[in-house]
Each structure stands twice: as C-alpha cells, then as structure tokens.
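Each chain gets a letter, A, B and so on, in the order its sequence line appears, and its residues count up from 1. Note that this is a predicted model, so its numbers are computed, not measured.
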There are 2 protein chains.
Amino acid sequence: MARKPADQSVSKDDIIIAAADVLKRNGYDATTMKDIAAQVNLTAASLYHHFKSKDFLLLAVLEIGLEHAIQLIEQTLHSNQSYAEKLREMIETHIIGVTENTAFGAAMVFEMKALINARPNGDKEDEFIQRRDAFFARRDYFESLFRRSIHAGIEAGEFRSVDAAIVTRAMLGAHNWVGVWYKDGGRLSGEAIAAIMADTFLTSLKYSAED
Amino acid sequence: MARKPADQSVSKDDIIIAAADVLKRNGYDATTMKDIAAQVNLTAASLYHHFKSKDFLLLAVLEIGLEHAIQLIEQTLHSNQSYAEKLREMIETHIIGVTENTAFGAAMVFEMKALINARPNGDKEDEFIQRRDAFFARRDYFESLFRRSIHAGIEAGEFRSVDAAIVTRAMLGAHNWVGVWYKDGGRLSGEAIAAIMADTFLTSLKYSAED
DNA sequence: GCTATAATCGAACCAGCATTTGATTATTTT
DNA sequence: AAAATAATCAAATGCTGGTTCGATTATAGC
C-alpha cells in the first residue's frame, strides 16, 4: 500500500457519488470522464486508476444505488406489523429514498439503457457482462420483495386478489418516475409524496365496498 | 416540386418511424444517423435533406409520439360515461398505445434527457428551443388531461378526495414504465395489462368501506 | 533512507460520428 | 426538351471524448 487514501486522495466512493451527480444532470452519454473528474478535482486520466472504463464506472454507480435501495427495503421486512402496514412502509421508504437521492434514483431509470448497450472491448468483456447480469439479478430480487409482499398480503386475506406482478410494476414505475419529476423545495416534501402514493396503492389493495 | 414522394423516395414519416425504432433499441446517443439512414436505405447525408439536425429528428420523433397519445386520449373525453368509466378508458387507451408502439413509448421515457440536453448551434437554435418548449407545454397538457379528469371525478363525488397532481404522476409513471418492460408475446396482452392497471387506480379512487 | 506501489497528471492517440460540400440523378412543370 | 428543384450520395471535414502511455509525486513498510 502507498499514498494514504485520505487527504488529497479521492476514494472510489467519492468518484461514484460525483459520477451519480453529474449523470443525473447530463445523462450517461452527455457526461464526459472529464466532467466527473472535475467534480472531484482530478483529471480524466486519473479515473482510470480506479475504474477500468466509463462503463464500469456507470455500473458501479448503479450497483451502489440499487444495493442502497435493497438495504432500505430489507430493513422494513423485519417489522411485525400487518402486511398492509409493512407494504406501506416499503413504499414510503423507497420513495423517500428516491427523493433524498435523486441522482441515483434518476440513474436507475435513465441509465439502464446505457448499461444494456455497453459493449466493453476485449479482456474486460467477460467480467463486465458477469457483473451486469448480476446487477439485473439484483434488480429482479428488488422487484420480488414488493411482489412477494403483495402475495403474502393476498394469502393472508388482507389484500384483494390482484395480479401481483403487474401491480408491482405499476408501483415501481410510479416510484421510479418520482426521481424524474421530483424537485427539492417543491410543493410537497418527499415524505408527503411517499405518503400519498403509499395510500394510493394500499387503498387499491385493501378490500373495498364494491367487492 | 420534383421527384415523386412515392416509390424510391422515402417520406419524412418513414424516417421518423425508423428513427423511433432504432432509438428504442439503442438510445439517442448510441444511435448514429447512419443507423437510422440504413433502416430506410439511405445514407446519413440524405437525412439532412429532411431534418436540420439529429436533434430536430429526435424532436420530431417525440412530437409525433406525444401528439398520437394526446389524440387517443382526447377521443375518450367525448364519451358520456361516468367520470370513473371515462378515466378507465383513458388509462387503458394510454397503456395499450404504449404497448402497441413501444418504440415511441420508450422514447418518451428515455430520450427526454437527450432533448433537454440538446444544444443546437447557431441559427437553428431559436427554432429548436421554441419547438422544444412547445413540446414540453404539450406534455404538460397531456398530463393535465388526466389530472383534470381526476379532479372532475372528485368534484362530482365519484372519487374520494386525493391529491390529483400526485396521483396523476403515479399513474403516468406506471404507464410509462410499461413501455420499458413490456415485451410482445409475454404472459399478458397489452389489453390485459391495461385492464389490470386501470382497475388498480380506479379501485384506489373510488370510495371504499374504510372511509 | 530505500523500495515498491498507489495516485495522479499532461499529452498524445485515435476512432467514431455529426455535419458540410459539391456533384449527380430523378421528376415535375411549362 | 429545358429549366427548376427534390432527393440522393460519396467523400471530406472537424471535433469531441474515451482511452493509453510515460513520467512524476506521495506514502507506507522495511
């Protein structure tokens, strides 16, 4: 080891956070390595000491964002509340997470295509594809947390019988979209938005008079 | 006029449709003018006879997609049904539209950033900005159709009192997202998906036992 | 103090791609 | 058939931006 990873030195995570930020503003292709580097007072060349390529950097951004979201949601699973209350907490947690970090939230929506399209050359290719597939698997897992939660609620008789897969995707679409339009300092706080949306979906899932 | 716009000649609309298709597969930046041209058996240079620049072509794609969607929705407004049934029709129409033309649907989600980021140079700048702003205005108008519909339903006492703006965005987020994950030949048809999602939101809006 | 190595930079490389230019071919109008 | 113009292309231009290379500087371990 050499050169302390403190002081003048920038950590991998610093770069990832900076990248997410620039990415949010400009999108993947419009973001240059120079832009990202400037954000942490480095030159573009220096970034290659930390990441194999721009693609790998994007992947790292998405991985961190997703793992953070997964971690938040997994925490809510341990509570002892009803399925309805648990789902409400999941939805609110997710949306608040998106509004608190729109950089990662927006990346999750917009940069997906860039990830799919990335074609690393030569030797790095294998590792990249492997990690990308792993990322998609995690993404599916994330979705499954919500789907299973709905399923469980149906089984337990708390929710009416719906197509859990579709309702899940409707929910996640709504959540992701928040990252696109949400602006800090708007009419409603992230918490307020989260509460309204959670209410929207829970009201839909609970048994109503008409049934 | 010269050179018939039939036969060997390609129409502006042909190019737009081709562009939407390539765009959907690759995303704006990864799509080259050559790619689009190839799709209609032209060279990249030829495209400049029909469009001032790549940015203008993207704009044309988005405009067409949006106007189509608006037109579909506006048709449903004239019906004489209850607000609930009207909204159901709007939702289903929109989602089916997205699934029937995922190219435009996905563009509406993914290429928005490219549009915002576009910086045309010199003379074309003014016209571009103007048209782009007009596009955003139309986009707001599209959103307002749903929002007003919800409002009207609340006023009429058909829907419970919700924050129409937020619920609208939840809905549109869900709809847009369909364009991202929907695959032809999947478990459910576009109609089926549309019905489930419409049901999800309408159930949420109608008065339920708990209230 | 050496030595290995981490972290960084400046400069160069090079490929891809939007766009321009100038010519060519087809089609319509008169 | 001549003139005007629409539609097209091949080739050249020029720039942007990812990536590589070699050198330099700082730090940790011995």
Side-chain angles (χ1 to χ4, degrees), chain A residues 1-16 18-19 22-23 26-61 111 114-115 117-125 127-128, chain B residues 1-16 18-19 22-23 26-61 111 114-115 117-125 127-128:
Chain A
M1 306 271 161
R3 197 166 232 199
K4 63 167 181 281
D7 265 70
Q8 61 260 192
S9 185
V10 193
S11 80
K12 235 169 155 149
D13 279 355
D14 290 337
I15 298 174
I16 293 175
V22 182
L23 235 35
N26 303 333
Y28 182 70
D29 295 275
T31 297
T32 71
M33 291 298 267
K34 205 174 158 188
D35 291 340
I36 299 171
Q39 193 92 159
V40 286
N41 292 316
L42 288 183
T43 64
S46 303
L47 297 182
Y48 286 82
H49 194 257
H50 302 276
F51 299 93
K52 293 204 184 74
S53 74
K54 192 185 177 190
D55 290 336
F56 274 92
L57 178 49
L58 167 65
L59 189 49
V61 169
E111 314 313 345
L115 187 63
N117 256 80
R119 315 179 210 295
N121 19 325
D123 44 340
K124 308 161 194 167
E125 197 172 348
E127 187 198 342
F128 185 82
Chain B
M1 304 276 160
R3 194 166 234 201
K4 64 169 180 277
D7 267 68
Q8 62 261 190
S9 186
V10 194
S11 80
K12 234 167 157 149
D13 278 357
D14 290 337
I15 298 174
I16 293 175
V22 182
L23 236 36
N26 302 334
Y28 183 70
D29 295 274
T31 297
T32 72
M33 291 299 266
K34 205 175 158 190
D35 290 340
I36 298 171
Q39 193 93 157
V40 285
N41 290 318
L42 289 182
T43 63
S46 302
L47 297 183
Y48 286 82
H49 195 258
H50 302 276
F51 299 92
K52 291 204 186 75
S53 73
K54 191 186 177 188
D55 290 336
F56 274 92
L57 178 48
L58 167 65
L59 190 49
V61 169
E111 315 311 347
L115 186 64
N117 259 81
R119 315 178 209 297
N121 21 323
D123 45 340
K124 308 161 194 168
E125 198 173 347
E127 187 198 341
F128 185 82

In whole angstrom, give the distance that lies between atom CE of M33(A) and atom P of dC13(C). 21 Å

How many whole angstroms separate atom OH of Y48(A) from atom C1' of dT20(D)? 9 Å

Determine the minimum heavy-atom distance between M33(B) and S53(B), stating which atoms define it. CE-C, 4.5 Å

Any side-chain N or O of H49(B) under 4.0 Å from OP1/OP2 of dA7(D)? yes

Could you state the CZ-P distance from F56(B) to dA18(C), rounded to the nearest angstrom? 16 Å

Minimum-distance nucleotide (side-chain atoms of T32(B) versus dT8(C), dA11(C), dC17(C)): dC17(C)

With sugar-phosphate meaning primed atoms plus P, OP1 and OP2, does N41(A) contact a base, only sugar-phosphate, or nothing at under 4.0 Å between heavy atoms? sugar-phosphate

Would you indicate whether the side-chain heavy atoms of L59(B) and F51(B) approach each other to under 4.5 Å? no

dT19(D), dA6(D), dT8(C): which one has an atom nearest the side-chain heavy atoms of H50(A)? dT8(C)

State whether S46(B) places a side-chain N or O below 4.0 Å from either non-bridging phosphate oxygen (OP1 or OP2) of dC9(D). yes

Does some side-chain heavy atom of D29(A) sit less than 4.5 Å from a side-chain heavy atom of Y28(B)? no

Integer-rounded Å distance: dA10(D) P and K34(B) NZ: 11 Å

A45(A) side-chain proximity, nearest of dC21(D), dT19(C), dT8(D): dC21(D)

Looking at T31(B) and K54(B), what are the two nearest heavy atoms and their distance? O-NZ, 2.8 Å

How long is the line joining CG of D29(B) and P of dC15(D), in whole Å? 20 Å

Looking at dT19(C), dT20(C), dT19(D), which one has an atom nearest to any side-chain atom of A44(A)? dT19(D)

Output the rounded distance in Å from CG (L47(A)) to P (dA6(C)). 18 Å

Can you tell me the distance, in whole Å, between the CG atom of L42(B) and the P atom of dT25(C)? 17 Å

By nearest atom, which of the nucleotides dC9(C), dT8(D), dT19(C) is closest to the T43(A) side chain? dC9(C)

Below 4.5 Å, heavy atoms only, C-beta onward: do T43(A) and Y48(A) meet side chain to side chain? no

Nearest-angstrom distance from the residue atom OH of Y28(B) to C1' of dA18(C): 9 Å

Can you figure out which of dT8(D), dC9(C), dT19(D) approaches the side chain of K54(A) most closely? dT19(D)

